[in-house]
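As a basis for the values below, the full set of heavy atoms in this structure was taken, side chains included, without hydrogen atoms, waters or symmetry mates. Sequential numbering from 1 along the given sequence is applied to the chain's residues. Start at 1 and go down the list; that is how both ligands and their atoms are numbered.
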Amino acid sequence: MPLYCQLKDTLKAAIERGKLKPNDRLPPETELAQLFQVSRMTVRQALIELENEGFIRRRQGQGTFVAERKFRQSLLRLTSFTEDMQSRGLKAGARVLSVKVISGDENLMQRFEAAPDEQFVRLERIRLADGEPMALEISFLRRKFCPRIEEIDFTDRSLYVTLREEFGLELGWASQTIEAKLADEYEAKVLGVPVGVPLLLMQRITYLADGLTRIEYVRSSYRGDRYQLYVEVMR
Ligand code: GLP
């Protein structure tokens, strides 16, 4: 096994066993080289790979730190952000960036298979886990099923709970796509991450319990450094 792989495995094991904890600072490259009796090039190669795999993070001018653990997100169930956080023992929150009523948007009409005169509500939120920004979420809802929903304050309030409790809407299933994207300036600013970090863009169309009526279209941009998607596959 190449030397850099051995060093990488050693550091990875220290992180996985909790000897090195999230936000611990790693010694500088020269020190690591001395400690493990390898060249600086070897150390650098090991660190590049650990960073690519999300185990460590370099902060400009501050050094290299052990990354926060990633949340594992199952893809099998239709859950809300609030439920996802609760299941991890974290407090879900939201900061509302904007709420608007819109109509006459061709793209939305097609997505929802809606009539040309239908109105939609666009809700833009930053989703927080114990106060830390995790995702930028832009939800579009068909206003005729949840009239005046734009008047509700969604700060720290679940959309799915609101749909059920205020409007009697039961969700049935959703179709979802996931793709990689790089944070643009706006996303970086509201998520508090550097421009260009990887994000996981999940787009969901949610149907009501009748199985046919589309109620929600969402674009959720999750931080790629904090999220890992999980699915079990059968042969
Ligand atoms: C997740 C999903 C979104 C959904 C949201 C509802 O984040 N990716 O598609 O709109 O949950 O969450 P809540 O009920 O907490 O507002």
In Å, rounded to the nearest 0.5 Å, how long is the span from OG1 of T155 to CD1 of I126?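 Separation between the atoms: 12.5 Å.
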Within less than 4.0 angstrom of ligand 1, does [X] place any heavy atom?
X	result
Y222	yes
A92	no
M202	no

Below 3.5 angstrom, do we get any N/O pair linking R125 and ligand 1?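 Yes, there is a polar N/O contact under 3.5 Å.
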Hey, does V161 come in under 3.5 Å of ligand 1, counting only N/O atoms on both sides?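 In this structure, V161 places no N or O atom under 3.5 Å from an N or O of ligand 1.
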Atom indices of ligand 1 within 4.0 angstrom of [X] heavy atoms, with elements:
X	value
V218	9 (O), 10 (O)
S220	3 (C), 8 (N)
R127	12 (O), 13 (P), 15 (O), 16 (O)
E216	4 (C), 10 (O)
T82	13 (P), 15 (O)

What do the steps show when you test Q203 against Y217 for side chain to side chain contact (heavy atoms under 4.5 Å, CB included), and what is the final call? CA-CA 7 Å; Q203 300 189 69; Y217 163 60; 2.5 Å; yes
Strictly distance-based, threshold 3.5 Å: is any side-chain N or O of [X] a donor or acceptor partner for the main-chain N or O of [Y]?
X	Y	value
D130	L90	no
E165	T162	no
R88	R72	yes
K21	G18	yes

What donor-acceptor contacts under 3.5 angstrom involve side-chain atoms of residues 98-109, with partners at least two apart or in another chain?
{"unit_1": "D105", "atom_1": "OD1", "unit_2": "N107", "atom_2": "N", "d": "3.0"}
{"unit_1": "D105", "atom_1": "OD1", "unit_2": "L108", "atom_2": "N", "d": "3.1"}

Out of L171, D84, L159, who is nearest to atom 16 (O) of ligand 1 when you count heavy atoms only?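 Going through L171, D84, L159 one by one, L159 has the nearest heavy atom to atom 16 (O) of ligand 1.
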Counting non-hydrogen protein atoms only, what is the nearest one to [atom]? Give residue, atom name and distance.
atom	result
atom 14 (O) of ligand 1	S158 OG, 2.6 Å
atom 3 (C) of ligand 1	E137 OE2, 3.5 Å
atom 1 (C) of ligand 1	F81 N, 3.4 Å
atom 4 (C) of ligand 1	Y160 OH, 3.4 Å
atom 2 (C) of ligand 1	R204 NH1, 3.4 Å

Are F120 and F112 close enough that their ring centers fall under 6.0 Å?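 That pair passes the under 6.0 Å test.
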Side chain to side chain, E132 and R226, heavy atoms closer than 4.5 Å: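 Yes - at least one pair of side-chain heavy atoms lies under 4.5 Å apart.
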Could you pull out all donor-acceptor pairs under 3.5 Å where a side-chain atom in residues 141-149 meets a protein atom, sequence neighbours excluded?
{"unit_1": "R142", "atom_1": "NE", "unit_2": "E118", "atom_2": "OE1", "d": "3.1"}
{"unit_1": "R142", "atom_1": "NE", "unit_2": "E118", "atom_2": "OE2", "d": "3.4"}
{"unit_1": "R142", "atom_1": "NH1", "unit_2": "R214", "atom_2": "O", "d": "2.9"}
{"unit_1": "R142", "atom_1": "NH2", "unit_2": "E118", "atom_2": "OE2", "d": "2.6"}
{"unit_1": "R143", "atom_1": "NE", "unit_2": "E150", "atom_2": "OE1", "d": "3.1"}
{"unit_1": "R143", "atom_1": "NE", "unit_2": "E150", "atom_2": "OE2", "d": "3.3"}
{"unit_1": "R143", "atom_1": "NH1", "unit_2": "Q119", "atom_2": "OE1", "d": "2.6"}
{"unit_1": "R143", "atom_1": "NH2", "unit_2": "E150", "atom_2": "OE2", "d": "2.7"}
{"unit_1": "R148", "atom_1": "NE", "unit_2": "E151", "atom_2": "OE1", "d": "3.4"}
{"unit_1": "R148", "atom_1": "NE", "unit_2": "E151", "atom_2": "OE2", "d": "3.1"}
{"unit_1": "R148", "atom_1": "NH2", "unit_2": "E151", "atom_2": "OE1", "d": "3.4"}

